[in-house]
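Here the structure comes first, spelled out in structure tokens, and everything after it is commentary.
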Amino acid sequence: MPDSLKEARQLLAEARNIAILSGAGVSAESGVPTFRGAAGLWRKFRPEDLATPEAFAHDPKTSWEWYSWRRGIVAGVQPNRGHFALAKTECTVITQNVDGLHQRAGSKNVIEVHGSIWLLRCTQCRREWEDLSPAIELMPHCKCGGLARPGVVWFGESLDPNVWAAAETAARSCDVLIVAGTSAVVYPAAGLAPIAKAEGAKIIEVNLETTSLSASVDYSFTGPSGVILPQLLDR
Ligand code: BJW
Ligand code: ZN
């Protein structure tokens, strides 16, 4: 075992308060496509065409087709060893993922900063409800007759202030923050690492490649999160 891995394991073993910021890469080994990079969702779909309120307003059917396709993928996959290693560890999971796989692995304390594809929200009365069926109708409607939208956060939309406050508190109060499977280009989520660092936390990054955070973290492990997270966390 490399010295850096031993050190990071020791750090985690001694930590009182561990938090993780996860991104799409953590679900990649389950078979959920990432957004960016070689196999990214958005090599085929331009983000600005789909993940904005304007795109939904202009063409809700295409937007719903995309979400319905993704719901089908997620419903057919299982959490992977990375999700399970986190679920076995007492830690706060701050996730940018909307797939619900951390919860399915058994993590109890999950903060979904970008919402969930299993949540629907009425564009008229704002009512929110859960719908877990993989085969959702293409243009779901609310009881009030209003068109429903996915309960996710699109570009240009603010994060739920309570959810963001919980994420910030977790970042400020942890002594180790693991940043796994995220390109760390989307804000404000990517800003959680510098926030934690400023409060004295050690930062451990796990990714297949280097990111804009890599130079400023304490430990950077290059490899699949499904392999590295268990190496870091399993006792
Ligand atoms: C592996 C692996 C394996 C692969 N093991 N690793 C200019 C500067 C700064 C900010 C802005 C700016 N202009 C606009 C903004 C704000 C904007 C933003 O950040 N834009 C940047 C892109 C520039 N942010 C927002 O708009 C946010 N809201 C906001 O700021 O509110 C205030 C505001 C109000 C009004 C106007 C403007 C601002 C909201 C952001 C919402 C993001 N939403 C999405 C879609 C969610 C719904 C859906 O899923 O459809 O969230 S975008 C998408 O990106 C999704 C993800 O959660 C998010 C992050 O992606 P993630 O998870 O990092 O995935 P990838 O694919 O990018 O990376 C995967 C990584 O895994 C890679 O590094 C791989 O190497 C790695 N990997 N396999 C380990 N097996
Ligand atoms: Zn309604």
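Only heavy atoms go into these numbers, but all of them, side chains included; no hydrogens, no water, no symmetry mates. Order of listing sets the numbers, starting from 1, for every ligand and every atom in it.
- Here atom 51 (O) of ligand 1 lies nearest to H114 when heavy atoms of H114, E209, E112 are compared.
- Between atom CG of residue L86 and atom OG of residue S225 there is a gap of 8.5 Å, rounded to the nearest 0.5 Å.
- The shortest heavy-atom distance from G223 to ligand 1 is under 4.0 Å.
- Considering only non-hydrogen atoms, atom 71 (O) of ligand 1 lies nearest to G181 out of A184, G181, A190, S116.
- In L208, the parts holding a heavy atom less than 4.0 Å from any atom of ligand 1 are both the side chain and the backbone.
- Residue-level proximity to ligand 1 for W164 is absent, since no heavy atom of it falls below 4.0 angstrom.
- Of the heavy atoms in T182, both backbone and side-chain atoms come closer than 4.0 Å to ligand 1.
- Counting heavy atoms under 4.0 Å from ligand 1, residue R70 touches it through the side chain alone.
- Looking at ligand 1, you'll find an N or O of Y67 within less than 3.5 Å of one of its N or O atoms.
- Close contacts of ligand 1 with W66, meaning ligand atoms under 4.0 Å from a residue heavy atom, involve 50 (O).
- Using a 4.0 Å cut-off between a side-chain N of Lys or Arg and a carboxylate O of Asp or Glu, R121 and E130 do not qualify as a salt bridge.
- For the pair L177 and E205, the minimum side-chain heavy-atom distance is 4.5 Å or more.
- Close approach of ligand 1 to A28 (heavy-atom distance below 4.0 Å) involves ligand atoms 78 (N).
- In this structure, W64 and Y67 have perpendicular ring planes: the angle between them is above 60°, well past the 30° mark.
- Between atom 67 (O) of ligand 1 and the options S27, A189, S183, the minimum heavy-atom separation is to S183.
- For the Zn ion (ligand 2), protein N/O/S neighbours under 2.8 Å (waters excluded) are C122 SG, C125 SG, C142 SG, C144 SG.
- For V185, every heavy-atom contact with ligand 1 shorter than 4.0 Å involves the backbone, none the side chain.
- One finds the CD atom of E157 at 10.5 Å from the NE2 atom of H114 (value rounded to the nearest 0.5 Å).
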query: Given the rule in the salt bridge (Lys or Arg N to Asp or Glu O under 4.0 Å) test, do D175 and K202 qualify, once you have shown the distances and angles that lead to the verdict?
result: CA-CA 6 Å; D175 19 50; K202 298 284 187 204; over 6 Å; no

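- In this structure, R71 forms no cation-pi arrangement with W69, as its terminal cationic atom is not both closer than 6.0 Å to the ring centre and no more than 45° off the ring axis.
- Ranked by closest heavy atom to atom 64 (O) of ligand 1, the top entry among A24, A180, G226, G23 is A24.
- A side chain to side chain contact (heavy atoms under 4.5 Å, CB included) with S22 is found for exactly one of N97, I178, L101, I94, namely N97.
- Annotation: the span from Y219 atom OH to E7 atom CD amounts to 3.5 Å, rounded to 0.5 Å.
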